[in-house]
Participant: 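The structure's right below; bear with me while I get my questions together.
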Amino acid sequence: MMRPSILRSVKSAVSRSITRRGYATEPVPERKVAILGAAGGIGQPLSLLMKLNPLVSTLSLYDIAGTPGVAADVSHINSRSQVTGYAGEDELGKALEGADVVIIPAGVPRKPGMTRDDLFNINAGIVKSLATAISKYCPHALVNMISNPVNSTVPIAAEVFKKAGTYDEKRLFGVTTLDVVRAKTFYAGKANVPVAEVNVPVIGGHAGVTILPLFSQASPQANLDDDVIKALTARTQDGGTEVVTAKAGKGSATLSMAYAGAIFADACLKGLNGVPDVVECSYVQSNLIAELPFFASKVRIGKNGVEEILGLGSLSDFEKQGLENLKSELKSSIEKGIKFASQ
Ligand SMILES: NC(=O)C1=CN([C@@H]2O[C@H](COP(=O)(O)OP(=O)(O)OC[C@H]3O[C@@H](n4cnc5c(N)ncnc54)[C@H](O)[C@@H]3O)[C@@H](O)[C@H]2O)C=CC1
Ligand SMILES: O=C([O-])CC(=O)C(=O)O
C-alpha cells in the first residue's frame with residue numbers, strides 16, 4: 001500500500017502533467033525560487049508575481065525583516081508553489097539552499113537628485129554579503145541581479161563568486177528587462193503599433209547613457225523621424241529618473257520593476273526547463289565589446305544559463321555614437337565594482 005503522503009505527491013505530479021485538453025505532457029519540474037529583499041517595494045509585488053508563476057514549486061522569501069508577513073499573505077493564493085518567509089541573516093542559508101533561481105532586489109533605492117552610482121556605498125556591501133551566501137548555499141543557481149547600480153553590482157557578485165571558486169559566468173545576470181519594457185511601451189506610443197507586438201533590443205548597461213535602446217531594430221518597423229528616435233532614446237535612458245521624480249522621495253520604480261523581474265525570472269525558469277529559443281536582453285559577462293567585460297545584449301538562456309550571447313546586429317549612426325558614448329562610464333562602473341569586491 002502506498003503511504004498517503006506519497007500518494008498525494010504522485011497525484012499532484014500526475015495532475016501537473018495533464019494539460020487542459022486532457023493529454024499527458026512532460027511533468028513540470030520542481031523549481032525553487034528565492035527572492036532576497038522580498039519585503040521591499042519591488043520584493044513584495046515580485047513575490048506576488050512569482051507566486052502566480054506555475055513553473056515555481058517552492059518560493060523562498062528572504063529579507064532582514066518583514067518576510068513572515070509577506071509569505072503568510074501570498075501563501076494563501078491558490079497557486080502551485082509552497083511559500084516560506086525567512087527573516088534575518090541566521091535564516092539566509094535555509095532561504096537559499098536548493099534554489100534554482102535567486103532574484104536580488106535588496107538594497108536602497110534612489111531619491112530625487114541621486115544617480116544610481118550614489119547607491120554604491122550601501123548596496124555594494126549588501127550585494128557582496130548576499131553573493132557570499134549564494135556561493136555557499138546554492139552555487140549553481142541562476143542569479144538575477146536587480147540591486148543598483150547594476151553596472152557595478154554584477155561585477156561585484158562575479159568577483160565574490162570567483163574568490164569562492166564557484167563562478168560560472170553563464171549563471172550571473174544583471175536584470176535590464178525594465179529598460180526593454182520601457183523601450184517597447186514608449187516606441188509603441190510613437191509608432192502607433194500594438195504594444196504587445198513590439199520588440200526592441202536594449203544593449204549596454206543599466207544607468208543613464210549606458211542604456212542604449214536599438215530602435216533601428218525595433219519591430220514592427222515604423223518610419224520615425226530622427227528627432228523622434230532621439231527623444232525615445234532619451235526617455236528610455238531617463239525612465240528610472242522619470243519615476244524617481246514622480247515619486248518625489250518615496251523611492252524608485254517598484255511595480256514596473258516587479259513586472260520586468262518576473263518576466264526575466266520566468267525566462268530563466270523556461271531556459272532551465274529546456275524550453276527552446278528563450279531570448280532576453282541581460283547584462284552578463286561578455287566579449288562583444290573588447291574593453292567591457294560586462295555588457296547587456298540579447299542572450300539565449302538554456303539549461304545552464306547563458307547558452308549564447310547574440311551579436312549586436314547592425315546599428316544606425318546614432319546608435320553607433322551612443323555605443324561610443326557609453327563606453328567610458330560603463331568601464332569605470334565595472335572597474336569600481338571589481339575593485340570593491342577584491343578589497
Ligand atoms: N535593475 C533595475 O532595473 C531596477 C533596480 N532597482 C533597484 O532595486 C533595489 C531595491 O529597490 P526597492 O525595492 O524599491 O527598495 P526598498 O527599500 O523598498 O526595498 C529593499 C529591500 O531590501 C531589503 N534589504 C536591505 N538589506 C538587505 C540584506 N542585507 N538582505 C536582504 N534584504 C535586504 C530591505 O529590508 C528592503 O525590504 C534598489 O537598489 C533599486 O535601485 C529598482 C528599480 C529598477
Ligand atoms: O532609476 C532607478 O533608480 C531605479 C531603476 O534602476 C530604474 O527604474 O530603472
Side-chain angles (χ1 to χ4, degrees), residues 34-47 60-70 85-93 95-96 102-134 143-154 156 173-183 185-186 202 204-208 210-211 213 235-247 249-265 280-283 296 333:
I35 301 179
L36 312 183
I42 297 167
Q44 292 202 37
L46 181 57
S47 300
S60 172
L61 306 182
Y62 173 80
D63 205 305
I64 46 180
T67 24
V70 179
Y86 299 95
E89 243 182 274
D90 290 351
E91 303 202 343
L92 180 54
L96 289 173
V102 179
I103 315 173
I104 314 185
V108 291
R110 283 200 282 165
K111 288 191 189 308
M114 293 171 84
T115 66
R116 291 179 182 81
D117 186 60
D118 292 332
L119 305 172
F120 188 97
N121 287 345
I122 299 179
N123 290 354
I126 292 173
V127 164
K128 191 175 178 185
S129 71
L130 294 174
T132 304
I134 289 168
V143 176
N144 295 184
M145 184 69 71
I146 293 174
S147 311
N148 270 318
V150 168
N151 291 353
S152 303
T153 53
V154 169
I156 289 172
F173 300 85
V175 181
T176 57
T177 319
L178 183 52
D179 302 317
V180 176
V181 164
R182 287 177 177 141
T185 306
F186 303 157
V202 182
H206 180 67
T210 72
I211 300 167
R235 188 166 181 213
T236 305
Q237 292 174 330
D238 296 338
T241 307
E242 186 177 316
V243 179
V244 170
T245 306
K247 289 200 174 179
K250 295 215 162 69
S252 54
T254 53
L255 304 174
S256 50
M257 181 59 236
Y259 169 75
I263 296 226
F264 191 72
E280 290 290 336
C281 289
S282 180
Y283 179 67
S333 298

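In listed order, ligands and their atoms are each counted from 1. Computed from a predicted structure; not experimentally measured.
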Participant: Mind listing the closest non-hydrogen atom pair of T254 and K247 along with its distance?
Facilitator: OG1-NZ, 3.1 Å
Participant: Give the atoms of ligand 1, by number and element, whose distance to some non-hydrogen atom of V150 is under 4.0 Å.
Facilitator: 1 (N)
Participant: So, do L178 and I146 sit near enough that their side-chain heavy atoms are less than 4.5 Å apart?
Facilitator: no
Participant: Please report the C-alpha distance between L119 and R110 in whole Å, then the side-chain angles of each, then the deciding distance to 0.1 Å, and finally whether the side chain to side chain contact (heavy atoms under 4.5 Å, CB included) criterion is met.
Facilitator: CA-CA 7 Å; L119 305 172; R110 283 200 282 165; 3.8 Å; yes
Participant: Under 4.0 angstrom from ligand 2, any heavy atom of V243?
Facilitator: no
Participant: Give yes if a backbone or side-chain nitrogen or oxygen of H206 is under 3.5 Å from a nitrogen or oxygen of ligand 1, and no if not.
Facilitator: yes
Participant: With respect to atom 41 (O) of ligand 1, which of I126, N148, T153, V175 exhibits the smallest heavy-atom separation?
Facilitator: N148
Participant: Tell me which protein heavy atom sits closest to atom 19 (O) of ligand 1, plus the residue, atom name and distance to 0.1 Å.
Facilitator: G40 CA, 3.3 Å
Participant: I'd like to check whether M257 has a polar contact with ligand 1, where a contact means an N/O of the residue lying under 3.5 Å from an N/O of the ligand.
Facilitator: no
Participant: Return the residue, atom name and 0.1 Å-rounded distance of the protein heavy atom closest to atom 35 (O) of ligand 1.
Facilitator: D63 OD1, 2.6 Å
Participant: Can you sort out which atoms of ligand 2 are near A253, meaning under 4.0 Å from one of its heavy atoms?
Facilitator: 8 (O)
Participant: What protein heavy atom sits nearest atom 1 (O) of ligand 2, and how far off is it?
Facilitator: R110 NH2, 2.6 Å
Participant: Could an N or O of ligand 1 be found under 3.5 Å from any N or O of L130, whether backbone or side chain?
Facilitator: no
Participant: Using modelled atom types and a 3.5 Å cut-off, is there a donor and acceptor pairing between side-chain atoms of E242 and backbone atoms of D238?
Facilitator: no
Participant: Search all heavy atoms of I42 against all heavy atoms of P105 and return the closest pair with its distance.
Facilitator: CG2-CB, 3.8 Å
Participant: Which heavy atom of S47 sits nearest to which heavy atom of G43, and what is that distance?
Facilitator: OG-O, 2.6 Å
Participant: Looking at atom 1 (N) of ligand 1, what's its closest protein heavy atom, distance included?
Facilitator: I146 O, 3.1 Å
Participant: If you have a sec, work out which protein heavy atom is nearest atom 43 (C) of ligand 1 and how many Å separate them, to one decimal?
Facilitator: A253 O, 3.3 Å
Participant: In ligand 1, which numbered atoms sit nearer than 4.0 Å to a non-hydrogen atom of L119?
Facilitator: 41 (O)
Participant: What are the two closest non-hydrogen atoms of S60 and A95, and how far apart are they?
Facilitator: OG-O, 2.7 Å
Participant: Please write down residue, atom name and distance for the protein heavy atom closest to atom 8 (O) of ligand 2.
Facilitator: R182 NH2, 2.8 Å
Participant: Is there a polar contact, in the sense of an N or O pair closer than 3.5 Å, between L178 and ligand 1?
Facilitator: no
Participant: Looking only at heavy atoms, is any part of V150 under 4.0 Å from ligand 2, and if so is it the side chain, the backbone, or both, or is it neither?
Facilitator: neither
Participant: With the side chain counted from C-beta on, respond yes when R182 and V243 share a heavy-atom pair under 4.5 Å apart, and no when they do not.
Facilitator: yes
Participant: Can you see which heavy atom on Y62 is nearest to which on G88, and at what distance?
Facilitator: CE1-O, 3.2 Å
Participant: Within a radius of less than 6.0 Å around CD of E89, do more than 12 heavy atoms belonging to other residues, nucleotides or ligands occur?
Facilitator: no
Participant: Identify the closest protein heavy atom to atom 17 (O) of ligand 1: which residue and atom is it, and at what distance?
Facilitator: P109 CD, 3.5 Å
Participant: Hey, does V108 come in under 3.5 Å of ligand 1, counting only N/O atoms on both sides?
Facilitator: yes
Participant: Closer than 4.0 Å to some heavy atom of G240 - which atoms of ligand 2 meet that?
Facilitator: 1 (O), 7 (C), 8 (O), 9 (O)
Participant: How about L130 and L96: do any of their side-chain heavy atoms sit closer than 4.5 Å?
Facilitator: no
Participant: Which one of A65, G107, S256, S147 has a non-hydrogen atom at the shortest distance from atom 22 (O) of ligand 1?
Facilitator: G107
Participant: Which bit of T176 gets closer than 4.0 Å to ligand 1, counting heavy atoms only: side chain, backbone, both or neither?
Facilitator: neither
Participant: Check whether any side-chain heavy atom of E280 lies under 4.5 Å from a side-chain heavy atom of I263, and answer yes or no.
Facilitator: yes
Participant: Any donor-acceptor pair under 3.5 Å linking the side chain of T67 with the backbone of G85?
Facilitator: no
Participant: For a side chain to side chain contact (heavy atoms under 4.5 Å, CB included) with F264, tell me which candidate from V181, I103, V175 qualifies.
Facilitator: V175
Participant: At a 4.0 Å threshold, what atoms of ligand 1 neighbour a non-hydrogen atom of G41?
Facilitator: 13 (O), 16 (P), 18 (O), 19 (O)
Participant: Around K128, counting heavy atoms of other residues, nucleotides and ligands shown, do more than 12 lie under 6.0 Å from its NZ?
Facilitator: yes
Participant: Does the N or O separation between R116 and ligand 2 drop below 3.5 Å for any pair?
Facilitator: yes
Participant: Side chains of T153 and N123: any donor to acceptor distance under 3.5 Å?
Facilitator: no
Participant: Nearest to atom 9 (C) of ligand 1 by heavy atom, G251, P105, A39, A87: which?
Facilitator: P105
Participant: What is the nearest protein non-hydrogen atom to atom 31 (C) of ligand 1, stated with its residue, atom name and distance?
Facilitator: Y62 CE2, 3.5 Å
Participant: Out of I35, I42, N123, V127, whose heavy atom sits nearest atom 42 (C) of ligand 1?
Facilitator: I42
Participant: Could you tell me the residue and atom name of the protein heavy atom closest to atom 14 (O) of ligand 1, and the distance to it rounded to 0.1 Å?
Facilitator: T254 CG2, 3.5 Å
Participant: Which option, Q237, M257, H206, owns the non-hydrogen atom nearest atom 6 (O) of ligand 2?
Facilitator: H206
